[in-house]
Amino acid sequence: MKYSKQLLYSKFERFWHWTQMLLVMMLTLTGFEIHGNFPMFGFEQAVRLHSAAAWSFMGLAVVSIFWMIVTKQYVNFIPTKNKLREQVLYYTSGIFKGMPHPTHKTMFNKLNPLQRLVYAGLLILIFPVQIFTGIVYMYYHYPQNPLDASGLTFAAATHTLGAFMVVAFVIVHVYMTTTGNSVSSNVKAMISGYEKETDPSLTEPSIQPE
Amino acid sequence: MKNLLNKAMSVFVVLILPILVIYLTVYFGLNKNEADKVVFQPKSEHTASVDHTQFESLQQTFTNPKQVTAACLTCHNKRDDELMSSTHWTWEREVELPGRGLVKIGKKNLHNNFCTAAEGNNGSCMRCHIGYGWEDKSFDFTDATNIDCLVCHDKSDTYLKQKGMAGWPATEETATKEFPVPDYNLVSQSVGSPDRDNCGVCHFYGGGGNNVKHGDLEEALFHTTKKVDVHMGEDGKNMVCIDCHITEKHNIKGRAYSVSSENKNRAECEQCHTSSPHNDYLLDYHNAKLACQTCHIPVYAKVNATTLYWDWSVAGRKDENGNAIKEYDADHNYSYLSIKGRFVFDNNVKPEYVWFNGTADHLLNDDSITEIPVKINTLFGSYSDSTAKIWPVKIHRGKQAYDPITKKILSVKLFAHNKGEGAFWEDLDWEEGIKQGMEYNGRYWSGKYEFIETEAYWPLNHMVSVKEETVSCKECHVRNNGRLASLNDFYLPGRDYNKWIDFSGFAIIIVSLIGVILHAVMRIFS
């Protein structure tokens with residue numbers, strides 16, 4: 001079998017991914033400490049770090065959205081039904097039989113149909129909700145003014161639910177990195193930007209490397 | 001070479017840059033500004049503009065303190081009008097109470113759960129009235145010479161009102177070693193702005209002993225350190241009462257909610273501190289829902305103990321010889337007195353916490369008991385009240401006499417000079433004490449009495465701690481047994497959680513973990 005390398009992740013995407021990973025880690029640890037699950041940094045420091053990480057996360061989100069729009073990379077996140085069935089079948093059966101991946105990655109199609117669905121869910125359902133409830137949490141201390149939200153009860157419960165979803169995502173996400181061409185190829189691609197592809201017909205990059 | 005450059009670039013974008021972002025996040029996240037410094041100008045550093053020893057009117061021979069008052073008023077005219085309209089004189093104030101309209105209430109006619117009520121026990125209680133001889137209802141509140149200027153303005157520290165004498169100092173006939181006849185020339189010639197001794201002589205001993213009532217006001221504050229009271233510490237700003245309780249024309253700022261009701265003319269931290277004193281958003285925004293006192297008074301009664309419980313129902317017990325009994329606890333505080341009942345004293349007490357919006361209601365004479373424990377006073381406020389904040393309070397609990405037929409708290413005559421006059425403290429006879437107390441106050445009594453649990457709420461304001469001893473975040477933001485464990489009408493981060501969301505959240509995580517483990521195992525063995 002012939003291997004070739006193609007650029008999958010640009011410098012910005014790799015920076016974005018790993019920074020976001022560290023921020024999500026920081027938000028999760030401090031967040032669950034604030035929630036009362038375990039002691040780690042101390043409550044006050046946890047709150048300060050959580051707020052600061054939230055601001056960095058939001059800053060990064062703004063930059064990333066801008067980047068996705070100007071580079072048209074947002075197309076990666078648009079859900080599709082095309083090959084969705086095959087992808088589900090692959091993970092539930094084909095993978096155990098050593099069948100090949102039903103989809104292949106390119107610069108403008110780096111997410112499989114299942115990933116598109118999950119990531120779009122994160123981007124549309126989880127992140128905006130976390131950001132919105134987080135801002136309420138930080139700034140809405142007068143429960144009657146200007147709108148009666150009856151305190152933090154709802155915002156906090158929603159924010160906590162979102163946090164659990166993120167943790168569940170991370171667990172599955174980290175595991176799924178091992179389902180590439182080799183156990184480590186997906187992680188290596190996110191570090192170097194390049195991935196070894198097995199099918200040379202699909203390696204022609206749609207855009208030239210920078 | 002190109003390969004090496006690519007590798008270096010990868011290290012930069014996937015490692016160095018992300019860590020830099022985290023470093024900056026942590027750095028700015030933990031960066032804390034210095035709290036605002038307060039520039040303090042003590043009001044008490046007022047030096048008298050005249051030398052009172054030079055006034056001939058104060059060199060005359062005084063035979064009666066009322067003559068001193070008359071002499072004061074010859075120069076300080078109109079001061080008597082100011083004073084006689086103040087609550088230090090009237091012991092009552094017309095206030096608007098929610099659901100009651102305008103009522104005249106104050107120390108004069110309110111119940112408490114210490115010595116239970118002042119009116120009817122005048123000889124003892126009215127010692128702390130700023131007048132001479134409020135022995136009974138005949139006291140003339142319009143006679144300016146009844147004003148005791150000296151108890152507040154004496155700077156010689158030699159003037160004292162005598163015990164049990166309804167506000168009079170000792171006379172030739174009543175003088176004792178403890179209470180000699182004051183040297184009126186010396187006292188009247190050494191007058192000035194009130195200092196701690198003048199205020200403390202009454203306000204530290206309310207309830208019949210040191211620190212019995214307030215818990216945060218006691219004789220240790222005459223001379224203290226910053227560790228006990230950051231404002232009054234002699235090793236610090238050494239502030240006196242009137243530095244905060246600013247007084248204009250004898251109108252003194254400050255409200256004690258055992259007798260006050262309205263959110264008016266209170267002494268407030270913001271007189272000197274700003275409303276964002278920490279210069280830190282995280283701490284300052286707590287002020288929306290927390291009084292400064294809540295974090296800055298972690299404990300009260302830091303030196304001497306205060307009364308936390310007073311059970312009148314067991315008063316009256318005598319020993320086998322028929323004599324009154326006195327018992328002490330391990331710290332030498334009273335635990336039982338025949339004339340007063342059983343006590344629980346303690347020091348270094350953690351406050352309890354309530355919502356409080358600056359307004360309060362009180363149990364009035366005509367109020368029927370509707371709940372147990374009976375609330376002697378009620379502090380208003382809740383989380384949903386945008387004007388309310390969490391306040392630290394001393395809650396004084398006890399048992400006192402009530403009429404089980406009319407469901408009213410009873411007025412009891414406790415004090416008399418002699419046995420046989422019906423006073424409980426002399427005769428240990430509840431029937432007679434209640435009969436006389438109710439009669440004096442013009443109230444109906446069915447003839448039956450029982451004892452009922454009562455609670456009184458005392459917001460804490462004094463004994464502010466040094467910043468190192470402030471209540472820490474974790475003392476409230478904690479799952480169990482936090483300081484705010486009893487305030488449950490709002491969501492407190494760190495304490496509260498939605499059990500369904502937490503349950504489903506952990507379920508989702510566990511299912512995800514099991515899922516990936518199963519998947520991995522199947523991959524390995526397929």
Side-chain angles (χ1 to χ4, degrees), chain A residues 11-12 14-15 17-23 26 34-36 39 42-45 47-53 55-56 60 91 95-98 137 139 141-145 148 150-153 155-158 160-161 163-165 167-169 171-172 174-176 178-179 190-193, chain B residues 6-7 9-15 17-19 21-22 24-32 281-282 285-286 288-289 383-386 472-474 477-479 489-498 500-502 504-509 511-513 515-517 519-520 522-523 525-526:
Chain A
K11 293 187 204 78
F12 177 79
R14 283 177 279 152
F15 158 73
H17 176 270
W18 293 111
T19 308
Q20 182 149 294
M21 179 208 79
L22 290 174
L23 287 172
M26 197 169 149
I34 293 165
H35 194 54
F43 189 88
E44 180 178 352
Q45 307 301 47
V47 172
R48 290 183 191 280
L49 291 173
H50 195 80
S51 300
W55 283 112
S56 295
L60 190 63
Y91 285 130
I95 191 168
F96 305 121
K97 299 170 187 159
Y137 217 122
Y139 291 100
H141 304 293
Y142 293 92
Q144 296 78 36
N145 189 19
D148 191 346
S150 307
L152 287 171
T153 314
T158 314
T160 311
L161 186 62
F164 280 117
M165 303 302 272
V167 174
F169 166 79
I171 292 168
V172 176
V174 169
Y175 171 70
M176 295 300 262
T178 67
T179 63
M190 194 44 95
I191 292 169
S192 67
Chain B
N6 269 339
K7 275 195 175 160
M9 186 53 84
S10 289
V11 170
F12 183 69
V13 296
V14 308
L15 198 65
L17 262 189
I19 287 174
V21 171
I22 298 301
L24 290 175
T25 302
V26 171
Y27 178 82
F28 286 107
L30 297 183
N31 181 38
K32 215 169 148 183
Y281 176 76
L282 180 62
Y285 76 49
H286 279 76
K289 285 284 157 196
Y383 177 75
S384 56
D385 175 349
S386 63
S472 74
C473 307
K474 201 75 194 159
H477 295 283
V478 62
R479 278 281 163 96
D489 58 345
F490 68 106
Y491 184 94
L492 177 63
R495 180 191 70 176
D496 295 330
Y497 59 96
N498 181 311
W500 295 110
I501 285 187
D502 272 35
S504 358
F506 284 114
I508 293 168
I509 288 178
V511 167
S512 307
L513 274 173
V516 301
I517 290 167
H519 200 267
M522 284 169 72
R523 272 169 68 202
F525 294 102
S526 64

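Note that this is a predicted model, so its numbers are computed, not measured. Sequence lines set the chain letters: A, B, ... in the order given, protein chains first and strands last, and positions in each chain run from 1.
Taking Arg14(A), Glu44(A), Met190(A), His35(A) one by one and counting their heavy-atom pairs under 4.5 Å with chain B, the maximum is reached by His35(A). In terms of heavy-atom pairs under 4.5 Å with chain A, the best-connected choice from Asn498(B), Ile509(B), Val478(B), Val511(B) is Ile509(B). Contact count versus chain A (heavy atoms, under 4.5 Å) is highest, among His477(B), Arg495(B), His286(B), Met9(B), for His477(B). Of all the listed residues (Tyr91(A), Trp18(A), Phe15(A), Phe164(A)), the one sharing the greatest number of non-hydrogen pairs under 4.5 Å with chain B is Phe164(A). Each of Ser56(A), Ala155(A), Gly193(A) has some count of heavy-atom pairs under 4.5 Å with chain B, and the biggest count is that of Ser56(A).
For Ile22(B), the part lying under 4.5 angstrom from a heavy atom of chain A is the side chain only. Of the two parts of Met165(A), only the side chain, counted from C-beta on, holds a non-hydrogen atom closer than 4.5 Å to a non-hydrogen atom of chain B. Heavy-atom distances place no part of Phe525(B) under 4.5 Å from chain A, backbone and side chain included. Residue contact with chain A, scored on non-hydrogen atoms closer than 4.5 Å, involves the side chain of Lys32(B) exclusively. Residue contact with chain A, scored on non-hydrogen atoms closer than 4.5 Å, involves the backbone and the side chain of Met522(B) alike. Contact annotation for Ile501(B): both backbone and side-chain heavy atoms come within less than 4.5 Å of a heavy atom of chain A. If you measure heavy-atom distances from Asp502(B) to chain A, the contacts under 4.5 Å come from both the backbone and the side chain.
Remark: the backbone N or O of Met176(A) is not paired with any side-chain donor or acceptor of His519(B) at under 3.5 angstrom. A donor-acceptor pair under 3.5 Å is formed between the side chain of Tyr175(A) and the backbone N or O of Ala520(B).
We find the CG-OG1 distance between Leu49(A) and Thr25(B) to be 9.5 Å, quoted to the nearest 0.5 Å. Expressed to the nearest 0.5 Å, how far CD1 of Ile508(B) lies from CG of Leu161(A) amounts to 6.0 Å. Rounding to the nearest 0.5 Å places CD1 of Ile191(A) at 9.0 Å from CG of Leu15(B). Atoms NZ and CZ, from Lys474(B) and Phe43(A) in turn, are 6.5 Å apart once rounded to the nearest 0.5 Å.
Residues Ser51(A) and Tyr281(B) fail the side-chain proximity criterion, which asks for heavy atoms closer than 4.5 Å. Between Val47(A) and Cys473(B) the shortest side-chain heavy-atom distance does not fall below 4.5 Å. At least one side-chain heavy atom of Thr179(A) sits less than 4.5 Å from a side-chain heavy atom of Arg523(B).
Of all the heavy atoms in Val172(A) and Ser512(B), the pair that sits closest is CG2-CB, 4.1 Å. Contact between Ser192(A) and Ser10(B) at its shortest, heavy atoms only, is CA-OG, 3.6 Å. When all heavy atoms of Leu22(A) and Pro18(B) are compared, the closest pair comes out as CD1-CB, 3.8 Å.
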